[in-house]
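Heads up: the structure comes next, in structure tokens.
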Amino acid sequence: MLKQRLDRIHGQYNRREYVAPDPLEFLYNYPQVRDREIVALVAALLAYGRVAQILKAVTQVLDLFGTSPHGYLLTRNQADIVHDLEGFKYRFTTGKQMACLLMGVKTVLQRFGSLETCFAEGFSPDDETVIPALSLFVKQLSCRGSMGILAADPDKRSACKRNNLFLRWMVRKDRVDPGGWDRIPCSALVVPLDTHMFRVGTQLGFTRKKQANLKTALEITQGFRTLVPHDPVRYDFCLTRFGIRKEMNPAELKMILSGGTGKVSGNKGKK
């Protein structure tokens, strides 16, 4: 059965030892949820491009925060934040756009008390997925100006990969995802659709679409939901490792998913 094969991969690779290199690593350094949710948002929204450069950019922002991102934002005004990010530039994201994101987070914290409360207020128990709440959440974050490409808007039919990655990190709690939010059910999460998960979803027959947009993300999520209704993104981390870790061969994953006898070896190599 497909679920048995996926559970086999999950059991082998859904471990912290397979996280690096990944911006998820940063979250483990923040035991308080009020700090972790801010770090998760910054790390996830900057997660585009080469991983080494992503880690460098995230580090540059987190260094501004000191020991408490939450404390930093609540004690800095807009001029301070703009000044602190004056020299920041990562690919398509400028210091000004990052400052707009952080000012949006500061405004949300002042208005709702936490990012989780803001997101939860937009979520209804009748919602099948987090997408309606995500749309409202992005609008709240955008209240202080343009963030460029940092926070994709689901209303524009984007797959919102990085937004959904942030939600996976904060909503789920297991050996890899640190969690911290308890007001959003795992069942409502949507797969963070990148090229790796798009390939897997296509191989599994969950979608026939040719573009990795929001509809495709929802179709693939639904495919996984038929297997794990309470946690459709359960396999996201372990499956995408095959496209990220050099010692893990995507061809081996394809063989396993198709019912072949490929060996899930767990051998370590260079990262």
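When atom types are taken as modelled, the side chain of T226 and the backbone of G223 share a donor-acceptor pair closer than 3.5 angstrom. One N or O on the side chain of S258 and one on the backbone of K254 form a donor-acceptor pair closer than 3.5 Å. No donor-acceptor pair closer than 3.5 Å links the side chain of Q12 to the backbone N or O of I9. The main-chain N or O of K173 is never found under 3.5 Å from a side-chain atom of D177 such that the two would form a donor-acceptor pair. Remark: side-chain polar atoms of R234 are not paired, donor with acceptor, to backbone N or O of V228 under 3.5 angstrom.
Shown here are the salt bridge (charged side-chain N to carboxylate O under 4.0 Å, His left out) partners of D127, two or more places apart in sequence or in another chain: there are none.
Each side chain to side chain donor-acceptor pair (under 3.5 Å) pair with one or both residues in residues 182-201, not counting sequence neighbours, appears once here: T117-R183. Note on residues 99-156: pairs passing ring-ring contact (aromatic ring centres under 6.0 Å, His included), not counting sequence neighbours, are F119-F137, F119-W181.
A salt bridge does not link R5 with D7: none of the charged nitrogens is closer than 4.0 Å to a carboxylate oxygen.
Counting non-hydrogen atoms of neighbouring residues, nucleotides and ligands closer than 6.0 angstrom, the NZ atom of K96 reaches no more than 12 such neighbours. By the 6.0 Å contact criterion, NZ on K139 is enclosed, its count of non-hydrogen atoms from other residues, nucleotides or ligands being greater than 12. Enclosure of atom CD in E86 is not indicated, since only 12 or fewer non-hydrogen atoms of other residues, nucleotides or ligands lie within 6.0 angstrom. For Q203, the CD atom sits in a packed shell: over 12 heavy atoms of surrounding residues, nucleotides or ligands are nearer than 6.0 Å.
Between Y48 and Y90, the distance from one ring center to the other falls under 6.0 angstrom.
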